[in-house]
Amino acid sequence: MSEAVAHHAEADRHPALAHHFEGLPEQKEAAGLGMWLFLAQEVMFFGGLFACYTIYRNLYPGAFAAGSAHLNWKLGAFNTAVLIGSSLTMAMAVHAAAVGKRRQIVAYLLMTVVLGSVFLGVKVVEYADKFHHHLVPGAHFRFEGPLARPVEIYYSLYFAMTGLHALHMVIGIPILLTLAVLAHRGHYSASYYAPVEMTGLYWHFVDIVWIFLFPLLYLIPTHAPH
Amino acid sequence: MWTGFPLFPEQASTMAGRVDALYIALVALAAFFSVLIACLVVGFAIKFRRRSPGEIGVPIHGNFTLEAVWTAVPLVIVTVVFLWSAEIFFSMARVPPQAMEIYVVGKRWMWKAQHLSGQREINELHVPVGVPVKLVLTSEDVIHSFYVPAFRIKKDAVPGRYATMWFQATKPGRYHLFCAEYCGTKHSGMIGWVEVMEPAAFQTWLTGGGTGSLAAEGQKIFQSLGCVTCHRADSQGRGPRLEGLFGRAVTLADGEEVVADADYVRESIVTPAAKVVAGYQPVMPTYQGLVSEEGLMQLIAYIQSLQEPAKGAPPAVAPREPGAAARTGARQP
Amino acid sequence: MSAAAALPEPAPPKANYLNISYGVKSWLLTTDHKRIALLYMGSITVMFALGGIFAALIRLELVTPPGDMVQAETYNKLFTLHGVIMVFFFLIPSIPATLGNFLIPLMIGARDLAFPKLNLASWYLFMAGAGFAAYSLVRGGVDTGWTFYTPYSTAFSNTHVISAAMGAFIAGFSSILTGLNFIVTIHKMRAPGLTWMRLPLFVWSHYATSIIMVLGTPVIAVTLMLVMVERGLKLGIFNPALGGDPVLFQHLFWFYSHPAVYIMILPSMGVISELVSAMARKRVFGYGIVAMSSLAIAVIGFLVWGHHMFVSGQSVYAGMVFSALSFLVAIPSAIKVFNWTATLYKGSVSYDTPTLYAIGFIGLFTIGGLTGIFLAATGLDVHVHDTYFIVAHFHYIMVGGAIMGYLGGLHFWWPKITGRLYPEAWGRVAALIVFAGFNLTFFPQFILGYMGMPRRYHAYPEEFQVLNVMSSAGASILGLGYILPFAYLGWSMRYGRAASANPWGAKGLEWQAASPPLTENFETQPVVREEAYEYAHAPQERAIV
């Protein structure tokens with residue numbers, strides 16, 4: 001809505017260059033710093049949950065082991081591989097954009113979407129299994145034995161952490177699809193592909209969070225440590 | 001202390017004078033610096049007021065020595081204040097060993113106190129003057145805070161755990177007791193009185209009423225809930241012996257060592273599976289909901305009273321099989 | 001008076017960001033940082049009025065010892081809503097979202113913030129959060145205290161906790177995105193020649209504030225999320241009856257809420273630096289040290305949260321560590337006060353409304369900050385924790401400090417924002433009324449607190465009445481002092497004298513733009529060739545006398 005006075009002739013300016021930046025390099029640097037700051041606050045966001053996890057695992061080691069035993073570590077490991085794979089395809093998409101290979105950008109972005117969707121599909125299977133076994137915290141939670149209460153805390157953290165993580169993927173996948181559409185229309189080139197790169201940063205972050213979640217939630221040893 | 005317009009509560013405990021001394025020192029410090037800054041600011045504003053529209057100030061940019069001085073001096077001052085206050089805080093945290101114990105439960109919206117001798121009070125706390133008193137504090141519902149301004153002490157009563165605080169009253173009298181952590185509708189009604197009495201009068205008050213001692217009440221609960229079925233004095237039970245347990249180190253199933261204090265005993269009754277003693281199975285059911293907070297305190301008082309029967313008796317050990325001989329080298333308190 | 005006083009009247013208004021386009025859509029869909037600043041200004045003014053009404057009702061109830069004006073439940077909702085609104089919906093956004101949004105691009109010679117659309121989104125997030133808070137209010141309010149302590153908030157309160165928490169949760173994202181925007185803008189969009197050590201101190205303090213906004217706010221977001229889930233699904237994350245730890249909630253809550261108070265005061269300190277410099281026509285004494293002090297406050301501020309929990313059951317040693325760090329965090333603030341004072345020495349001090357607010361700030365913030373020393377002293381804090389001493393302490397900083405800085409800045413930059421001059425006489429009168437009313441309201445509360453009156457009390461023992469009456473009397477004067485600027489600033493928007501580009505004769509790039517500025521701020525890209533506050537260099541424009 002702002003009627004900016006042109007500081008350069010309109011023809012000189014790249015169509016993606018916003019009116020308040022001098023040039024594309026400045027704009028890209030700003031986008032990069034912005035995305036890193038966003039990821040920093042995401043670290044703090046998940047950090048609160050990791051702090052809760054640390055405290056409660058320390059307080060109730062037996063309950064955490066018991067709760068973790070009901071998770072399917074093989075599915076978790078599969079999902080980890082899938083997500084790491086999706087980070088690879090994402091990195092390939094960014095590279096393709098950097099060398100201006102339009103079809104490859106689309107292909108790799110779509111592969112990333114597929115892998116991300118597989119991950120979410122597995123999570124749906126896992127959540128459904130929890131639901132059937134009455135392991136979803138709340139009114140229908142049931143767990144045999146004296147550890148029921150702390151196990152419910154474990155599962156509260158399980159759902160909070162993996163749920164928040166899954167939400168980040170649910171937000172990321174439409175963004176990837178949008179990028180794929182725009183890439184197909186030729187929006188990105190070797191001289192301008194910042195959105196692909198920034199989304200790549202976001203996607204790698206989501207991957208890294210899962211790499212912490214998997215061992216902490218799925219791989220708690222059932223025998224007590226000495 | 002001050003006639004007319006009161007600025008301080010009465011000083012009625014050994015800590016009160018110390019806290020007030022720190023307070024007065026800080027008031028003097030704050031007054032000094034506030035007045036200094038105010039005078040300088042107002043003084044400079046007047047002395048260096050603008051005298052013509054285009055006038056500007058003298059371009060003085062900084063002075064490293066001045067910065068160093070007015071950084072170092074406050075640093076020294078706060079260090080002194082920190083050390084002084086830390087000493088007071090540690091004194092507040094170090095409960096004198098022979099302090100008289102009183103159990104206090106906060107519940108919406110009243111304070112319930114139980115003396116070891118069995119006397120119970122609501123919204124009142126009778127204590128003798130000149131004797132250190134230790135309060136073991138918890139809550140039945142939300143967080144409350146036990147606050148006696150005249151003693152200058154306060155501690156949060158947190159549900160699910162015990163907090164301890166202590167004081168030694170120095171002056172007989174009646175002093176405000178307030179709840180100082182917002183707890184809902186009648187938070188400002190959760191108030192009462194601490195009644196400090198001369199020792200003789202306190203003794204009289206103690207013997208005038210109340211059922212059995214706290215420990216005796218605890219024993220009744222111990223029997224009625226069937227605890228004795230598993231916690232037998234002859235090491236044949238499914239649960240550990242409790243004689244001589246209180247205050248001793250305990251080895252848990254995962255190898256960790258804890259001290260059997262009031263928190264441990266409470267947790268063992270409410271969430272038994274949290275800490276299982278080495279060599280025992282996690283079969284104890286939870287008694288949460290079956291015992292009130294006051295009941296828990298009575299049980300703790302009872303367990304605290306359970307001494308080892310005689311010298312040379314085997315310490316409490318985990319029986320590997322029934323009738324196993326006592327192991328040597330088991331931990332002593 | 002020389003010939004310089006008889007300059008011609010400013011030229012008739014030309015195109016600027018206010019008149020470039022009209023209509024609701026041009027405002028609600030704007031990406032111009034200046035218009036967004038005004039959108040925020042409208043919103044937070046409404047929130048301030050709402051929070052102020054609750055304050056008035058509280059002080060009215062406290063005139064008499066028994067709880068006889070409203071019921072206990074109502075009173076508990078009054079102080080909760082006062083706190084929630086004032087903290088989350090007024091103080092946290094106030095200076096950054098209004099003055100920060102408006103001035104940072106101007107001060108660094110940029111055309112807008114780095115992410116203008118994100119800026120608009122921030123405002124919509126704020127409004128969405130306010131909407132949830134309003135819903136909670138309309139449905140009957142919330143009574144947990146703005147601190148939402150568990151298990152009361154999750155398992156005992158019968159009020160609309162989830163919607164209130166959701167309001168604060170969403171408003172938090174508004175805060176995060178604003179901070180993110182500022183950091184990137186300051187890093188990447190400074191004019192040629194504008195090095196870091198030439199930045200106005202207002203920008204430095206907003207940079208420090210933004211670090212806290214970005215790193216601290218997510219923690220309260222996730223904490224409130226857990227509270228909402230625990231309450232909704234009846235879980236036991238923080239409920240001891242179900243195995244949870246209520247003190248863990250306190251740690252998580254205060255991990256943000258302590259740095260939050262620095263979000264509230266740092267921008268105000270930045271304003272004061274600008275006011276002191278402009279009103280004394282001198283560079284702030286110890287410029288570099290003042291800039292670094294802002295960063296020091298931001299960093300150390302993250303390490304002191306446990307001083308809200310000395311009596312909560314935290315270990316004695318943790319208490320010691322938090323106490324020591326809390327003393328440390330006071331030092332950079334003290335350094336700033338000394339530097340501002342030294343700036344006035346051999347300055348050329350004018351007596352305008354901004355000066356009065358700045359001087360008031362220095363005095364009141366000094367008192368408020370010094371009483372923070374009382375609270376860092378653990379042995380003393382035990383006695384005054386959760387009493388009116390605390391209430392007095394934070395109101396000295398938040399109201400005597402932050403709000404006075406906001407009002408001073410609002411008056412100082414009013415000509416730039418609106419193109420109008422406000423009536424100076426009224427400005428001075430209001431500043432004095434605010435100062436007097438404020439002290440009468442809150443100084444008695446220090447005494448009340450040491451005497452032992454707990455906070456959040458609906459009814460209180462008789463012996464506390466005299467001080468309470470004094471405090472309530474002061475509150476009515478303070479309220480009048482706040483209504484006056486609302487009236488004459490509003491009046492000036494239509495009837496005030498037109499302002500020139502630099503009516504104060506101040507330094508700073510914002511004064512090189514027109515009053516009000518063009519949408520794109522500057523006709524040509526400014527280039528900076530001198531240090532900050534270089535009053536010796538440029539000729540001075542006619543000052544307001």
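These numbers come from the heavy atoms of this one structure, side chains and all, not from hydrogens, waters or symmetry mates. Residue numbering restarts at 1 for every chain, and letters A, B, ... go by the order of the sequence lines.
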| request: State the CZ-CD1 distance between B/Phe44 and C/Ile359, to the nearest 0.5 angstrom. | output: 12.0 Å
| Looking only at heavy atoms, which two atoms of B/Ile143 and C/Gln250 are closest? And how far apart? | CD1-NE2, 3.3 Å
| message | Please report the interatomic distance CG(C/Leu328) to CG(B/Leu75), rounded to the nearest 0.5 Å. | response | 6.5 Å
| query | Which answer fits C/Phe365, side chain, backbone, both or neither, if we ask what part of it has an atom under 4.5 Å from a heavy atom of chain B? | reply | neither
| request: Working to the nearest 0.5 Å, report the span between OG1 of B/Thr71 and CD1 of C/Ile335. | output: 3.5 Å
| request: Select one option (side chain, backbone, both, neither) describing which atoms of C/Gln314 are under 4.5 Å from chain B's heavy atoms. | output: neither
| field | Exercise: identify the closest heavy-atom pair between B/Phe89 and C/Phe310 | value | CZ-O, 4.0 Å
| query | chain C heavy atoms under 4.5 Å from B/Ala163: which part of the residue, side chain, backbone, both or neither? | reply | neither
| task | Could you go through the ring pair (Phe, Tyr, Trp, His ring centres under 6.0 Å) check for C/His383 and B/Tyr147 one step at a time? | result | CA-CA 8 Å; C/His383 174 57; B/Tyr147 177 37; 5.7 Å; yes
| query | If you round to the nearest 0.5 Å, how far is CZ of C/Phe338 from CG of B/Leu36? | reply | 7.5 Å
| message | Counting only non-hydrogen atoms closer than 4.5 Å, does C/Phe285 touch chain B with its backbone (N, CA, C, O), its side chain (CB onward), both, or neither? | response | both
| said: Donor-acceptor pair, distance only, cut-off 3.5 Å: does the side chain of B/Arg50 make one with the backbone of C/Ser348? | reply: yes
| query | What orientation do B/Phe8 and C/Tyr450 show, parallel under 30°, tilted 30 to 60°, or perpendicular over 60°? | reply | perpendicular
| Largest heavy-atom contact set with chain C, pairs under 4.5 Å, which of B/His187, B/Lys186, B/Lys155, B/Glu87 | B/His187
| request: Please check if the side chain of B/Lys154 supplies one atom and the backbone of C/His385 the other of a donor-acceptor pair under 3.5 Å. | output: yes
| message | Surrounding OH of B/Tyr264 (heavy atoms of other residues, nucleotides or ligands, distance under 6.0 Å), is the total greater than 12? | response | yes
| note | Looking only at B/Leu40, B/Val270, B/Leu29, B/Val19, most heavy-atom pairs under 4.5 Å shared with chain C are made by B/Val19
| request: Check each atom of C/Leu344 against the heavy atoms of chain B and say whether the ones under 4.5 Å are side chain, backbone, both or neither. | output: both
| field | Contacting moiety of B/Val158, where chain C heavy atoms sit under 4.5 Å | value | side chain
| Based on non-hydrogen pairs under 4.5 Å, which of B/Met92, B/Lys47, B/Arg51, B/Glu181 is most in contact with chain C? | B/Glu181
| Roughly how far, to the nearest 0.5 Å, is OH of C/Tyr533 from NE2 of B/His61? | 13.0 Å
| said: Would the distance check show the side chain of B/Ser85 and the main-chain N or O of C/Thr378 forming a donor-acceptor pair, the cut-off being under 3.5 Å? | reply: yes
| remark: Distance col, row C/Tyr460:OH vs B/Ser188:OG, nearest 0.5 angstrom, shows 11.5 Å
| field | Engaged part of B/His176 at the chain C interface, taking heavy atoms whose separation is under 4.5 Å | value | side chain
| Structural part of B/Val27 lying under 4.5 Å from a heavy atom of chain C | both
| task | Please flag which part of C/Asn158 lies under 4.5 Å from any non-hydrogen atom of chain B: side chain, backbone, both or neither. | result | neither
| Non-hydrogen atoms of chain C under 4.5 Å away: do they reach the side chain of B/Arg18, the backbone, both or neither? | neither
| task | Answer yes or no: is there a donor N or O on one side and an acceptor on the other, between the side chain of B/Arg49 and the main chain of C/Tyr351, under 3.5 Å? | result | no
| query | Side chain, backbone, both or neither: which part of C/Ser157 has a heavy atom under 4.5 Å from chain B? | reply | neither
| task | Select, from B/Val142, B/Thr271, B/Val81, B/Thr79, the one with the greatest count of heavy-atom pairs under 4.5 Å involving chain C. | result | B/Val142
| said: I'd like to know whether C/Tyr152 forms a side-chain contact (heavy atoms from CB on, under 4.5 Å) with B/Cys183, so could you lay out the CA-CA distance, the side-chain angles of the two residues, the decisive distance to 0.1 Å, and finally the verdict. | reply: CA-CA 7 Å; C/Tyr152 181 73; B/Cys183 50; 5.7 Å; no
| field | Which atoms of B/Thr185 approach chain C - backbone, side chain, both or neither, heavy atom under 4.5 Å | value | both
| Which region of B/Ile46, side chain (C-beta onward) or backbone (N, CA, C, O), has a non-hydrogen atom less than 4.5 Å from a non-hydrogen atom of chain C, or is it both or neither? | both
| message | Only pairs of heavy atoms separated by less than 4.5 Å count here; which of B/Phe64, B/Phe90, B/Trp84, B/Phe151 has the most with chain C? | response | B/Phe90
| For C/Ala532, is it the side chain, the backbone, both, or neither that has a heavy atom closer than 4.5 Å to a heavy atom of chain B? | neither
| Tell me, side chain or backbone of C/Ala155 under 4.5 Å from chain B's heavy atoms, or both, or neither? | neither
| Are B/Ser34 and C/Thr366 close enough that a side-chain donor and a side-chain acceptor fall under 3.5 Å? | no
| Does any heavy atom of chain B fall under 4.5 Å from the side chain of C/Gln71, the backbone, both, or neither of them? | neither
| Side chain / backbone / both / neither for C/Ala324 at chain B, heavy atoms under 4.5 Å | both
| task | Below 4.5 Å from any heavy atom of chain B, which atoms of C/Thr343 appear? Answer side chain, backbone, both or neither. | result | neither
| query | For C/Pro332, is it the side chain, the backbone, both or neither that has a heavy atom under 4.5 Å from a heavy atom of chain B? | reply | neither
| query | Among B/Met15, B/Arg161, B/Glu10, who wins on heavy-atom pairs under 4.5 Å with chain C? | reply | B/Arg161
| query | Between the main-chain N or O of C/Arg455 and the side-chain N or O of B/Tyr182, is there a donor-acceptor pair closer than 3.5 Å? | reply | no
| field | Per-residue contact mode, B/Ala38 against chain C (heavy atom under 4.5 angstrom) | value | neither
| task | Please flag which part of C/Thr387 lies under 4.5 Å from any non-hydrogen atom of chain B: side chain, backbone, both or neither. | result | side chain
| task | Using non-hydrogen atoms and a 4.5 Å limit, figure out which bit of C/Met279 sits close to chain B: side chain, backbone, both or neither. | result | backbone
| request: Heavy-atom distances under 4.5 Å only: say whether B/Ile191 touches chain C with side chain, backbone, both or neither. | output: side chain
